[in-house]
Amino acid sequence: MAEFGNLIKILKAAGEVTRLRLLALLAAGELSVKDLTDILDQSQPRVSRHLKLLSEAGLVTRNAEGAWVFYRLVDAGETGKLLHSFLGQLEDRDEVIAADRSALAKILDANQKQADAYFAKVAQSWDDLRKLHVAESAVETAILRMLGTQKVNRLLDFGTGTGRMLELLKDIYSFGVGIDSSPEMIAVARAKMSAAKISHAQIKLGDISGVEVAEPEANLLILHQVLHYFSDPGRILIEAQRQLVTGGRILVVDFAPHDLEFLREHNAHQRLGLSEKNMAAWATAAGLHLEKFESYANENQADGLVVCLWLFTKTQEGKIS
Ligand SMILES: C[S@@+](CC[C@H](N)C(=O)[O-])C[C@H]1O[C@@H](n2cnc3c(N)ncnc32)[C@H](O)[C@@H]1O
């Protein structure tokens with residue numbers, strides 16, 4: 001049961017056309033003001049004003065990252081329950097809602113195309129490029145230590161790229177599957193697997209934001225330098241946990257928050273690193289428990305990027321199935 005005052009506050013904030021459209025869009029996942037402005041086709045100050053009101057009423061949370069600001073629906077507590085319940089009443093066929101969802105699909109598709117075009121261009125040189133910002137050998141040593149030597153039956157590498165993780169971890173899995181949406185990257189990965197005579201791993205073309213899962217069977221899933229390509233990394237974590245058996249583990253390796261805005265324009269990054277706070281919220285929503293966390297600075301690089309490792313265990317099903 002909702003408390004009277006809280007209900008009035010929520011209804012007042014949501015009871016306006018643009019704000020209800022914003023809430024309906026955010027029900028699909030975390031989005032930046034830039035994407036929301038493009039979808040609604042309204043001025044950025046106007047959209048920001050509505051988002052500010054929603055934030056003040058406690059319906060959405062705000063997360064500033066460099067020049068971009070991301071918003072997500074509050075999903076916990078009484079407010080989360082109320083939002084979930086009344087947004088669930090929106091008619092999919094409603095003209096405004098349907099048009100907004102189709103504009104959102106186009107924006108997500110354009111973001112994905114930007115990443116695909118970038119990786120098509122850099123596929124051949126990726127193994128050299130990845131060393132630019134990262135203390136690679138220190139991070140790889142940490143990955144091996146964190147995962148331990150106990151063999152896992154099935155390993156999934158989401159956004160496998162040139163297959164480096166499948167190569168590094170070849171001795172700890174019985175069967176490995178690498179999935180990537182870039183045909184150019186997987187061509188390099190396949191050549192690498194065959195040169196390294198790794199026959200117990202398979203490379204597949206696919207989109208990790210919607211991989212079909214009949215029966216969860218992965219014991220270990222790797223997301224190595226992948227989550228920052230998505231505006232809503234939390235959604236990918238939920239997709240990842242759907243692939244895992246209960247007790248299975250997810251290793252996320254990604255940048256700590258930084259302010260290198262050019263990585264958005266030139267390298268297709270959506271998020272300027274991942275904060276521990278955001279990761280904790282996304283993991284909770286995905287039913288993941290944090291087991292270990294470590295971070296590594298690259299002292300040889302001027303850009304000061306820090307790489308973090310998060311090891312999670314699946315304890316229960318995530319909220320979105
Ligand atoms: C920075 S690379 C990392 C590759 C590899 N994990 C590594 O660390 O070398 C990110 C990879 O994610 C892939 N990727 C981006 N969006 C994807 C999607 N929706 N589905 C599958 N792979 C995706 C890209 O094609 C790229 O190969």
Side-chain angles (χ1 to χ4, degrees), residues 29 105 107-144 147 155-170 173 176-193 196 201-213 218 220-240 242-243 250-255 258 260 263-264 266-274 296 298 305 307-310:
I107 297 260
L108 294 179
D109 190 48
N111 291 345
Q112 184 65 52
K113 285 207 169 88
Q114 188 201 2
D116 289 348
Y118 169 71
F119 286 109
K121 216 166 52 194
V122 300
Q124 292 299 332
S125 53
W126 178 252
D127 282 352
D128 295 324
L129 272 178
R130 65 208 297 284
K131 298 186 181 91
L132 273 182
H133 305 292
V134 173
E136 196 182 34
S137 64
V139 170
E140 293 193 347
T141 306
I143 290 174
L144 291 170
L147 293 176
L155 176 138
L156 254 184
D157 186 22
F158 261 19
T160 196
T162 55
R164 174 62 192 148
M165 288 299 113
L166 290 172
E167 190 185 25
L168 178 74
L169 301 172
K170 66 182 189 326
Y173 58 82
V177 177
I179 299 177
D180 203 284
S181 58
S182 161
E184 291 80 4
M185 289 296 250
I186 67 170
V188 178
R190 283 183 180 138
K192 183 189 274 178
M193 292 301 113
Q202 184 188 10
I203 309 287
K204 286 185 182 171
L205 184 67
D207 180 355
I208 59 169
S209 60
V211 179
E212 276 191 24
V213 45
L220 177 60
L221 189 144
I222 312 290
L223 277 160
H224 186 270
Q225 297 293 5
V226 170
L227 285 185
H228 61 255
Y229 290 96
F230 293 86
S231 58
D232 187 0
R235 183 154 285 267
I236 301 299
L237 267 190
I238 289 173
E239 287 296 323
R242 288 174 62 229
Q243 304 286 333
I250 296 182
L251 176 71
V252 175
V253 181
D254 220 301
F255 295 123
H258 60 81
L260 304 182
L263 290 174
R264 283 195 169 122
H266 299 299
N267 300 47
H269 291 202
Q270 288 281 322
R271 308 299 299 241
L272 298 186
L274 310 175
Y296 291 85
N298 185 357
L305 282 173
V307 175
C308 301
L309 280 68
W310 288 264

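Quick note: numbers below take in every heavy atom, side chains included, and nothing from hydrogens, waters or symmetry partners. Order of listing sets the numbers, starting from 1, for every ligand and every atom in it.
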Review point. For atom 26 (C) of ligand 1, which of Leu223, Asp180, Leu166, Asp116 has the closest heavy atom?
Key: Asp180
Review point. Strictly under 4.0 Å, does any heavy atom of Phe158 approach an atom of ligand 1?
Key: no
Check your understanding: For ligand 1, which atoms, with element, lie under 4.0 Å from some heavy atom of Tyr229?
Key -> 1 (C), 10 (C)
**Study point:** Ligand-side contact atoms (ligand 1) for residue partner Asp207, heavy atom cut-off under 4.0 Å
**Key:** 18 (C), 19 (N), 20 (N)
Check your understanding: ligand 1 and Trp126, any nitrogen or oxygen pair closer than 3.5 angstrom?
Key -> yes
Review point. Would you find more than 12 non-hydrogen atoms of other residues, nucleotides or ligands less than 6.0 Å from Gln124 atom CD?
Key: no
Practice item. Would you check the N or O atoms of Ala115, main chain and side chain alike, for any that come under 3.5 Å of an N or O of ligand 1? Key: no
Review point. Would a 4.5 Å heavy-atom cut-off, applied to side chains only, mark Ile222 and Ile143 as touching?
Key: no
Check your understanding: Against heavy atoms of Gly206, which atoms of ligand 1 measure under 4.0 Å?
Key -> 20 (N), 21 (C)
Practice item. Give the numbers and elements of all ligand 1 atoms closer than 4.0 Å to a heavy atom of Gln225. Key: 1 (C), 2 (S), 3 (C), 10 (C)
**Study point:** Spacing of CD belonging to Glu140 relative to CZ belonging to Arg164, to within rounding of 0.5 Å
**Key:** 4.0 Å
Exercise for review: Provide the number and element of each atom of ligand 1 under 4.0 Å from a heavy atom of Phe230.
Suggested key: 16 (N), 17 (C), 18 (C), 19 (N)
Review point. In ligand 1, which numbered atoms sit nearer than 4.0 Å to a non-hydrogen atom of Gly161?
Key: 4 (C), 27 (O)
Practice item. Please confirm whether Met165 comes under 4.0 Å of ligand 1, counting heavy atoms of the residue only. Key: no
Check your understanding: Is the backbone of Tyr229 close enough, under 3.5 Å, to the side chain of Arg271 for a donor and an acceptor to pair up by distance?
Key -> no
Practice item. Please round to the nearest 0.5 Å and tell me the distance separating atom CE of Met193 and atom OG1 of Thr162. Key: 8.0 Å
**Study point:** For Met185, atoms of ligand 1 separated by under 4.0 Å from a heavy atom
**Key:** 27 (O)
Review point. Where's the contact between Ser181 and ligand 1, heavy-atom distance under 4.0 Å: side chain, backbone, both or neither?
Key: both
Check your understanding: To the nearest 0.1 Å, how far is atom 4 (C) of ligand 1 from its closest protein heavy atom, and which atom is that?
Key -> Gly159 O, 3.3 Å
Check your understanding: Do Leu108 and Ser231 pass the side chain to side chain contact (heavy atoms under 4.5 Å, CB included) test, and can you show the C-alpha distance, the side-chain angles, and the key distance before you say yes or no?
Key -> CA-CA 9 Å; Leu108 294 179; Ser231 58; 4.2 Å; yes
Review point. Looking only at protein heavy atoms, which one is nearest to atom 7 (C) of ligand 1, and how far off is it?
Key: Arg130 NH2, 3.4 Å
Review point. Distance only, no hydrogens: is a donor on one side chain within 3.5 Å (strictly under) of an acceptor on the other, for Ser182 and Asp180?
Key: no
Point to revise | Contact check, side chains of Leu166 and Ile203, non-hydrogen atoms, under 4.5 Å | key: yes
Review point. Where does the angle between the aromatic ring planes of His228 and His269 fall among parallel (under 30°), tilted (30 to 60°) and perpendicular (over 60°)?
Key: tilted
**Study point:** Test log, rule side chain to side chain contact (heavy atoms under 4.5 Å, CB included), inputs Asp254 and Leu223
**Key:** CA-CA 8 Å; Asp254 220 301; Leu223 277 160; over 6 Å; no
Point to revise | Shortest protein heavy-atom distance from atom 20 (N) of ligand 1, along with the residue and atom involved | key: Ile208 N, 2.9 Å
Review point. For ligand 1, does Thr160 get within less than 4.0 Å through its side chain, its backbone, both, or neither, judged by non-hydrogen atoms?
Key: backbone
Revision key, fill the gap. Rounded to the nearest 0.5 angstrom, the CG-CD1 distance for Leu205 and Ile186 is 4.5 Å
Practice item. Would you mind checking which non-hydrogen protein atom is closest to atom 16 (N) of ligand 1, with the distance to 0.1 Å? Key: Gln112 NE2, 3.0 Å
Review point. Can you check side chain to side chain contact (heavy atoms under 4.5 Å, CB included) on Leu169 and Asp157, steps first, answer last?
Key: CA-CA 10 Å; Leu169 301 172; Asp157 186 22; over 6 Å; no
Check your understanding: For ligand 1, does His224 get within less than 4.0 Å through its side chain, its backbone, both, or neither, judged by non-hydrogen atoms?
Key -> both
